[in-house]
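Report on the following structure.
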Amino acid sequence: MKKVMFLLGALFTLCLAGCQPLSGTGTAWDEEDRLIGAYFTVTPRSAEAAPYEERIYATILPGETPSEAQYVFQDKPGLAFLSIPGAASDGQYRHDCIDAGIHSPGSRSEILIEDGKTRYETTLEGTLYVSADPSYFVWLNPVYQTKAGQVYLLNHDAAMEAGETLGSSCSQTYFDESSRTRVGASYEERFAVKAMVEVQFPLKSFSLYAMNEENAVLWQEDYTAGALPDLVTAGSDVSYLLLETRSIAPDGSVLTRVHALNRGAPLFTLYLSGAPGCCLARPISLIWQEGDPS
């Protein structure tokens, strides 16, 4: 999870649909600094480059809880994707600080004991959905924390180019490890942050068709992107649902797709227009009623 000597890497790049290899770096500048996450920026291709600084320090705006704190990097607006080590006295090992717009289940940690040595391993994974708008660039920067608690990003922009094909993606992993001491005990830490960019087309509208066992339509409901339900209930007579989505492609045309939602599916996800160049994932819950429909 952390950092103590040198960069272990901008480790691997997974790319689909023509995504180019990424260049990023996870270089540690000081032995006490540690990798804590990554930072996405989405900028117009026409934007003028800001004055270059090797490090950009964050202004930390406290929230009601540590996980609700905001990390603002001056002159570099973007989305923070962080897992902050907790203080030894607060009873928490880590606090995830993930800005809205990044789809993530949060960090996963485990404690391993091998040959009498304790090792903490943490992985933070998340996805930024983009709209395939060719007029925007997506960049990724590694973020570090100093021993004094300052947070900074290394201004080494790694281009996250996922292409313009629906569902195409690319990813970058930053990895760090170190030996540390906490409450008088020594242990090893390993931290990996895996950031992905995936292309989605923003939703225009969608329809749901409730189907019975004979593949007949029982009912139909239509929605627009601006008026979505929080959940959909299907009666016990519904065998499955057909989801028909209409999304806006980069050339302005409307792409229609249909797929089945089998009984028992907990949810389906739609993608809405977000910040310029981005999409927001919006899950819709499904409730499948049981019992005799009569």
Side-chain angles (χ1 to χ4, degrees), residues 14 16-17 19 40 42 79 81 96 98-106 125-134 136 138 162-171 195-294:
L14 167 66
L16 303 175
C19 181
F40 286 103
V42 182
L79 299 172
F81 178 46
D96 292 339
I98 301 172
D99 285 345
I102 300 176
H103 186 68
S104 173
E125 298 185 51
T127 301
L128 176 67
Y129 295 104
V130 296
S131 60
D133 187 334
Y136 286 89
V138 181
E164 298 181 19
T165 304
L166 181 67
S168 62
S169 65
C170 62
S171 68
M196 176 178 286
V197 167
E198 180 178 315
V199 173
Q200 291 292 339
F201 297 165
L203 181 75
K204 179 179 181 181
S205 62
F206 79 96
S207 299
L208 279 173
Y209 303 88
M211 312 297 291
N212 65 14
E213 292 181 350
E214 287 73 40
N215 297 316
V217 178
L218 298 174
W219 51 257
Q220 174 184 344
E221 293 182 354
D222 302 307
Y223 301 91
T224 64
L228 300 181
D230 292 323
L231 61 85
V232 172
T233 300
S236 58
D237 56 341
V238 177
S239 179
Y240 63 97
L241 295 171
L242 286 180
L243 171 64
E244 180 182 68
T245 58
R246 292 168 287 277
S247 304
I248 303 171
D251 62 2
S253 63
V254 176
L255 174 66
T256 300
R257 294 182 296 162
V258 179
H259 70 272
L261 300 169
N262 295 323
R263 173 167 278 275
L267 55 83
F268 60 94
T269 302
L270 303 171
Y271 299 92
L272 310 179
S273 292
C278 298
C279 288
L280 294 174
R282 170 70 184 276
I284 308 294
S285 299
L286 292 173
I287 295 178
W288 302 87
Q289 294 180 333
E290 303 291 345
D292 188 345
S294 61

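Here the closest heavy-atom approach between residue Leu228 and residue Leu203 is recorded as CD2-CD2, 4.2 Å. For Phe268 against Leu261, the heavy-atom pair with the smallest separation is CD2-CD1, 3.7 Å. Taking each heavy atom of Ser131 and Cys278 in turn, the nearest pair found is OG-N, 4.0 Å. The heavy-atom pair separating Thr269 from Ala281 by the smallest distance is CG2-CB, 4.0 Å. A pairwise comparison of heavy atoms in Leu241 and Ala210 identifies CD2-CA, 3.7 Å as the closest pair. Of all non-hydrogen atoms in Gly101 and Leu280, the two that sit nearest each other are CA-CD2, 3.5 Å.
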Step by step, work out the side-chain contact (heavy atoms from CB on, under 4.5 Å) result for Val138 and Tyr136. CA-CA 7 Å; Val138 181; Tyr136 286 89; 5.8 Å; no
Using the rule given for side-chain contact (heavy atoms from CB on, under 4.5 Å), can you reason through Leu231 versus Leu286, listing the C-alpha separation, both sets of side-chain angles and the distance that settles it, and then say yes or no? CA-CA 6 Å; Leu231 61 85; Leu286 292 173; over 6 Å; no
Where do Leu128 and Val42 land on the side-chain contact (heavy atoms from CB on, under 4.5 Å) test, with the steps shown first? CA-CA 10 Å; Leu128 176 67; Val42 182; 4.1 Å; yes
Carefully, step by step, assess Val254 and Lys204 under the rule side-chain contact (heavy atoms from CB on, under 4.5 Å). CA-CA 8 Å; Val254 176; Lys204 179 179 181 181; 4.2 Å; yes
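Looking at Arg263 and Glu213, no side-chain N of the basic residue comes within less than 4.0 Å of a carboxylate O on the acidic one, giving no salt bridge.
Residues Ser205 and Arg246 are in side-chain contact: their nearest non-hydrogen atoms beyond the backbone lie under 4.5 Å apart. Annotation: side chain of Phe201 is not in contact with side chain of Ile248 (no heavy-atom distance under 4.5 Å). Contact annotation: the side chain of Leu208 never approaches that of Leu242 to less than 4.5 Å [non-hydrogen atoms, C-beta and beyond]. Looking only at side-chain heavy atoms (C-beta outward), Val238 and Trp288 come within less than 4.5 Å of each other. Side chains of Asp222 and Ser207 form a contact here, defined as non-hydrogen atoms less than 4.5 Å apart. By the 4.5 Å heavy-atom criterion applied to side chains, Ile284 and Tyr223 are not counted as neighbours. Contact check for Ile102 versus Phe40: side-chain heavy atoms found under the 4.5 Å cut-off. Residues Tyr240 and Asn215 have side chains in contact (heavy-atom distance under 4.5 Å, counting atoms from C-beta outward).
Rounding to the nearest 0.5 Å places OG of Ser239 at 9.0 Å from CG of Leu218. Atom OG of Ser247 is separated from atom CD of Gln200 by 8.0 Å, given to the nearest 0.5 angstrom. Taken from CD1 in Ile287 to OG1 in Thr233, the straight-line distance is 4.5 Å, to the nearest 0.5 Å. Met211 contributes atom CE, which lies 10.5 Å from atom CD of Gln220 (distance to the nearest 0.5 angstrom). Note that OG of Ser168 and CD of Glu198 are 8.0 Å apart. Values are rounded to the nearest 0.5 Å. Taking CZ of Arg257 as the start and CZ of Phe206 as the end, the distance is 13.0 Å to the nearest 0.5 Å.
In terms of the salt bridge (charged side-chain N to carboxylate O under 4.0 Å, His left out) criterion, residue partners of Arg282 (sequence neighbours excluded) are, by chain and number, Asp230. By the side-chain hydrogen bond (donor to acceptor under 3.5 Å, both in side chains) test, Asp96 is found to be paired with Ser83, Ser107, residues two or more places apart in sequence or in another chain being considered. Listed by chain and residue number, nothing satisfies the salt bridge (charged side-chain N to carboxylate O under 4.0 Å, His left out) test with Asp251 (two or more places apart in sequence, or in another chain).
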